[in-house]
Peer 1: 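Just passing along the structure, written as structure tokens.
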Amino acid sequence: MNGVIGMTSILADTDLDEMQLDCVRRPSVRAAKSLMTVINDILDFSKIESGRMELENRPFNIRNCVEEAIDLFFFCRAKFGSKV
């Protein structure tokens, strides 16, 4: 997954027109990071089941999370003309 994120970042640094750049930066990087979070969460569940989970207190901004999810849906709507 880190390779996908890295290659997407490299692609974003190439000569792309504005629309291509928007298609690469917005959903691709955010979706890759979200997928990485899901993978890490699955690994955390394994730790819970094995009794090796250590909790940590970290700040969480729910507004940013929701806004990023909404951005992904609006990108699909604009690209495919579907209703959200």
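Just so you know, residue 1 is the first one in the sequence shown, and it goes up from there. Every value quoted in this text rests on a predicted model; they were computed, and no experiment measured them.
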Peer 1: What is the distance from atom OG1 of Thr14 to atom CD of Gln20, rounded to the nearest 0.5 Å?
Peer 2: 8.0 Å

Peer 1: Do the side chain of Glu68 and the main chain of Cys65 share a donor and acceptor less than 3.5 angstrom apart?
Peer 2: no

Peer 1: Closest approach of Leu16 and Leu11, non-hydrogen atoms and distance?
Peer 2: CD1-O, 3.4 Å

Peer 1: When rounded to the nearest 0.5 angstrom, what is the spacing between CG in Asp44 and CD1 in Ile39?
Peer 2: 12.0 Å

Peer 1: Each residue besides Met19 in its hydrophobic cluster should be listed here, by chain and number; the cluster joins Ile, Leu, Val, Met, Phe, Trp and Tyr at side-chain heavy-atom distances under 4.5 Å.
Peer 2: none

Peer 1: Inspect the surroundings of CD in Glu67 and state if more than 12 heavy atoms from other residues, nucleotides or ligands are less than 6.0 Å away.
Peer 2: yes

Peer 1: Please identify each residue that fulfils salt bridge (Lys or Arg N to Asp or Glu O under 4.0 Å) with Arg58, with sequence neighbours left out.
Peer 2: Glu56

Peer 1: Is there a chain of hydrophobic side chains (I, L, V, M, F, W, Y, each step under 4.5 Å between heavy atoms) that links Val38 to Leu43?
Peer 2: no

Peer 1: How many angstroms lie between atom CG of Asp41 and atom CD1 of Ile48, to the nearest 0.5 angstrom?
Peer 2: 9.0 Å

